[in-house]
Engineer: 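Sharing a structure here in structure tokens format.
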Amino acid sequence: MSILIFRTNIETKGMVNFMGTIFNDHPGIRSWFVDIEDIDNVLRIEASQQLQLMDVVQLCHRHGFQCEELPD
């Protein structure tokens with residue numbers, strides 16, 4: 001299992017709910033959380049080893065959201 005952390009523009013509960021349906025159906029995502037109170041709207045994903053950073057970035061982009069790896 002790996003932990004992936006991203007900066008996003010997922011900033012409302014409605015957006016979280018929309019992407020939640022996509023994240024919940026993804027076989028490589030075990031759990032996820034978006035902190036809409038954080039300035040970076042941090043998305044934290046616990047993923048299987050097969051899920052790569054770019055997979056999540058592309059998934060978000062396909063659904064109209066910005067997403068990039070959050071540097072340490």
Side-chain angles (χ1 to χ4, degrees):
M1 180 171 50
S2 61
I3 306 294
L4 307 174
I5 309 287
F6 302 91
R7 173 185 298 133
T8 74
N9 68 338
I10 301 171
E11 54 193 22
T12 68
K13 288 186 184 241
M15 292 174 175
V16 170
N17 291 338
F18 174 77
M19 285 307 293
T21 60
I22 286 123
F23 295 147
N24 289 338
D25 287 340
H26 195 287
I29 298 175
R30 296 180 184 203
S31 67
W32 61 274
F33 177 76
V34 178
D35 184 355
I36 59 175
E37 300 296 319
D38 187 279
I39 192 166
D40 290 321
N41 300 306
V42 173
L43 166 62
R44 180 183 184 277
I45 291 180
E46 290 183 22
S48 66
Q49 294 297 335
Q50 295 85 355
L51 187 69
Q52 302 296 312
L53 287 167
M54 286 309 299
D55 297 333
V56 176
V57 170
Q58 291 172 352
L59 180 65
C60 289
H61 287 181
R62 269 198 311 271
H63 291 90
F65 292 99
Q66 297 171 358
C67 180
E68 63 184 52
E69 182 181 12
L70 190 63
D72 292 336

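Only this structure's heavy atoms are used, side chains among them; waters, hydrogens and symmetry mates stay out.
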Engineer: Considering only residues two or more places apart or on different chains, which pairs with a residue in residues 20-53 satisfy ring pair (Phe, Tyr, Trp, His ring centres under 6.0 Å)?
Structural biologist: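 Of all non-adjacent pairs touching residues 20-53, those that pass ring pair (Phe, Tyr, Trp, His ring centres under 6.0 Å) are Phe23-Trp32.
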Engineer: Would one find more than 12 heavy atoms of other residues, nucleotides or ligands at under 6.0 Å from atom CD1 of Ile3?
Structural biologist: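 Yes, CD1 of Ile3 has more than 12 neighbouring heavy atoms, counting only those of other groups under 6.0 Å.
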Engineer: Restricting to pairs with a member in residues 35-58, which pass ring pair (Phe, Tyr, Trp, His ring centres under 6.0 Å), not counting sequence neighbours?
Structural biologist: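 Ring pair (Phe, Tyr, Trp, His ring centres under 6.0 Å) check on residues 35-58 returns no pairs.
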Engineer: Can you tell if the side chain of Ser48 reaches within under 4.5 Å of the side chain of Arg30, non-hydrogen atoms only?
Structural biologist: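 They are in side-chain contact.
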Engineer: Do you know which two heavy atoms are closest between Thr8 and Asn41, and how far apart they sit?
Structural biologist: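 Minimum heavy-atom separation between Thr8 and Asn41: OG1-O, 2.7 Å.
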Engineer: May I have all residue pairs that pass salt bridge (Lys or Arg N to Asp or Glu O under 4.0 Å) and include part of residues 40-56, sequence neighbours excluded?
Structural biologist: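 Pairs touching residues 40-56 that pass the test: Arg7-Asp40, Arg44-Glu46.
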Engineer: Under the side chain to side chain contact (heavy atoms under 4.5 Å, CB included) rule, what do Val56 and Cys67 come out as? Steps first, then yes or no, please.
Structural biologist: CA-CA 8 Å; Val56 176; Cys67 180; 4.2 Å; yes
Engineer: Rounded to the nearest 0.5 Å, how far apart are SG of Cys60 and CG of Leu43?
Structural biologist: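 Spacing of SG (Cys60) from CG (Leu43) equals 6.0 Å.
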Engineer: Hydrophobic clusters here meaning ILVMFWY residues chained together by side-chain heavy-atom distances under 4.5 Å, can you tell me if Leu53 and Met1 are in one?
Structural biologist: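 Leu53 does not cluster with Met1.
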Engineer: Would a hydrophobic clustering, with Ile, Leu, Val, Met, Phe, Trp and Tyr connected at side-chain separations under 4.5 Å, put Val42 with Met19?
Structural biologist: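 No, separate clusters.
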Engineer: Could you tell me which non-hydrogen atom of Ala47 sits nearest to which non-hydrogen atom of Leu4, and how far apart they are?
Structural biologist: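 For Ala47 and Leu4, the tightest heavy-atom pair comes out as CB-CD1, 4.1 Å.
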Engineer: To check you understand the geometry: which heavy-atom pair defines the closest contact between Ile10 and Ile36, and what is its length?
Structural biologist: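 Scanning both residues completely, I find the closest heavy atoms to be O-CG2, 3.5 Å.
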Engineer: Less than 4.5 Å apart, any side-chain heavy atom of His63 and any of Ile22?
Structural biologist: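 With C-beta onward as the side chain, the pair touches.
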Engineer: With side chains defined as the heavy atoms from C-beta onward, is the minimum distance between Leu70 and Phe6 less than 4.5 Å?
Structural biologist: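 No; the side chains remain at least 4.5 Å from each other.
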Engineer: In Å, rounded to the nearest 0.5 Å, how long is the span from CD of Glu37 to CD of Glu11?
Structural biologist: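 Separation between the atoms: 12.0 Å.
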Engineer: State, to 0.1 Å, how close Gly28 and Leu51 come at their nearest heavy-atom pair, and which atoms those are.
Structural biologist: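 That would be O-CD2, 3.8 Å.
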